[in-house]
Student: 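Got a structure for you, questions after.
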Amino acid sequence: MNTKYKRILVLTGAGVSAESGLATFRDADGLWNNHKVEDVATIEAFERNPEFVHQFYNEMKPELLKARPNPAHLALAKLEQEYSGEVNIITQNVDTLHEKAGSRKVYHIHGQINQAVCLNCGQILETWDDVDTQTVCPHCGVSGMMKPNIVFFGEALLCMDKVQKLLAECDLFVSVGTSGVVYPAAGFVQTAKYYGAETYEFNLEAASNNYLFDKHVYGKCGETLPVFVNELLAETKESE
Ligand code: OAD
């Protein structure tokens, strides 16, 4: 295998879906400028008012179901399909645009909008339909125990065993469209770097943790990422 990198790991945030028309969290029109985190995205909020929190995520579903992948998602899917090394994506996004674009190795550390988790039996219910405080778990039959499978502030991230392994093994770590303020994801670059990976940042502007990256590509990732992916694929073909 003549690839420049053997294992590429991509971390994506809300910016990768911005050109699909989905709001980010912290930009001017971002979700957290119109809603209070402590009302809809903490475990305490869910315990206090589960009806309201369910409604908030139910209302997001139609837009996320309708959204189409943009050139950034498509470029990452092409990389996974055509690159002779390994390509994995860790996403902080709860949308499913990477999967719609064709990516297969995607790890949703902050959960998925089209899933609910039963707090009684721990099983996942996959659905784009509304979930509420009456929903019956299809696995254990108990009602009123479903929680949106969204990782709230105060909860542990999902898939972390796999993520730690990917961070330790990758030789290129690429961060796309994330502000670098929410930990632990904002610290992944440090771990990858510690284990020897080269680190690239793709963002509109410098993220909070930008000093940890070796290379920076600023601009819309729907424009910059396809160029990067094509260059990487061309370099690999030339060296074969
Ligand atoms: P943010 O809204 O914090 O940051 C989005 C980043 O994307 C910003 O740095 C923008 O500059 C950049 N951006 C916007 N449009 C872009 C484009 N077209 N091309 C490239 N970059 C662009 O979103 P996240 O970093 O994903 O957690 O937020 C992290 C977490 O905070 C989210 O997963 C969410 C939130 O609380 C949970 O809900 C658990």
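Numbering of residues begins at 1 and proceeds along the displayed sequence. Source: prediction; values computed, not measured. When a ligand or atom number is given, it counts from 1 through the structure's own listing order.
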Student: Decide whether V189 and M160 are clustered together by the hydrophobic rule: side chain heavy atoms of Ile, Leu, Val, Met, Phe, Trp, Tyr closer than 4.5 Å, transitively.
Tutor: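 V189 clusters together with M160.
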
Student: Spell out, yes or no, whether I109 and V151 are grouped together once hydrophobic residues are joined by side-chain heavy atoms under 4.5 Å, including indirect joins.
Tutor: yes

Student: For the pair R48 and E44, find out whether any cationic side-chain nitrogen is under 4.0 Å from an anionic carboxylate oxygen.
Tutor: no

Student: Verify, without hydrogens or angle tests, whether N209 (side chain) and A186 (backbone) share a donor-acceptor contact under 3.5 angstrom.
Tutor: yes

Student: Side chains of L157 and H110: closer than 4.5 Å at any heavy-atom pair?
Tutor: yes

Student: Got the closest protein heavy atom to atom 37 (C) of ligand 1, with its distance?
Tutor: H110 ND1, 3.8 Å

Student: Taking heavy atoms and a distance under 4.0 Å, where does S179 meet ligand 1: side chain, backbone, both or neither?
Tutor: both

Student: Closer than 4.0 Å to some heavy atom of G13 - which atoms of ligand 1 meet that?
Tutor: 26 (O)

Student: What atoms of ligand 1 come closer than 4.0 angstrom to any heavy atom of V182?
Tutor: 29 (C), 30 (C), 31 (O)

Student: Could you check whether K215 pairs with E198 (Lys NZ or Arg NE/NH1/NH2 to Asp/Glu carboxylate O, under 4.0 Å)?
Tutor: yes

Student: Under a 4.0 Å heavy-atom limit, does F202 contact ligand 1 with its side chain, its backbone, both, or neither?
Tutor: neither

Student: Using a strict 4.0 Å cut-off to heavy atoms of G219, name the atoms of ligand 1 that fall inside it.
Tutor: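 Once the distances to G219 are compared, the set is 19 (N), 20 (C).
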
Student: List every atom of ligand 1 that sits less than 4.0 Å from any heavy atom of F153, numbering the atoms from 1 in the order shown and giving each element.
Tutor: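 By the 4.0 Å cutoff, the relevant atoms are 36 (O).
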
Student: Quick check on contacts: which atoms of ligand 1 are under 4.0 angstrom from a heavy atom of V151?
Tutor: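 Heavy-atom distances to V151 below 4.0 Å select 39 (C).
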
Student: Are any of the N/O atoms on G180, whether in the backbone or the side chain, positioned under 3.5 angstrom from an N/O atom of ligand 1?
Tutor: no

Student: Which protein heavy atom lies closest to atom 28 (O) of ligand 1, and at what distance to 0.1 Å?
Tutor: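 Among all protein heavy atoms, the one nearest atom 28 (O) of ligand 1 is R26 NH1, 3.1 Å.
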
Student: Please list, in number order, the atoms of ligand 1 under 4.0 Å from a heavy atom of T24.
Tutor: 2 (O)

Student: Would you mind listing which atoms of ligand 1 come within a distance below 4.0 Å of any non-hydrogen atom of C221?
Tutor: 17 (C), 19 (N), 20 (C)

Student: Going by distance alone, is a donor N or O of one side chain under 3.5 Å from an acceptor N or O of the other, for H73 and S17?
Tutor: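 There is such a pair between these side chains.
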
Student: Assess, by modelled atom type and distance only, whether the side chains of K78 and N230 contain a donor and an acceptor separated by less than 3.5 Å.
Tutor: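 Yes - a donor-acceptor pair under 3.5 Å links their side chains.
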
Student: Give me the nearest non-hydrogen protein atom to atom 25 (O) of ligand 1 as residue plus atom name, then the distance to 0.1 Å.
Tutor: T178 OG1, 2.7 Å

Student: Checking a contact table here: which protein heavy atom is nearest atom 9 (O) of ligand 1, and how many Å away?
Tutor: N203 ND2, 3.1 Å

Student: Is K193 paired with D214 through a side-chain N to carboxylate O contact shorter than 4.0 Å?
Tutor: yes

Student: Against heavy atoms of A18, which atoms of ligand 1 measure under 4.0 Å?
Tutor: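 Under 4.0 Å from A18, ligand 1 has these atoms: 15 (N).
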
Student: Do ligand 1 and N93 have nitrogen or oxygen atoms that lie under 3.5 Å from each other?
Tutor: no

Student: Parallel under 30°, tilted from 30 to 60°, perpendicular over 60°: which one fits the rings of H216 and F213?
Tutor: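 H216 vs F213 ring planes: perpendicular.
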
Student: I need the contact type for Q92 against ligand 1. Using non-hydrogen atoms and a strict under-4.0 Å cut-off, is it side chain, backbone, both or neither?
Tutor: both

Student: Distance only, no hydrogens: is a donor on one side chain within 3.5 Å (strictly under) of an acceptor on the other, for H54 and Q134?
Tutor: no

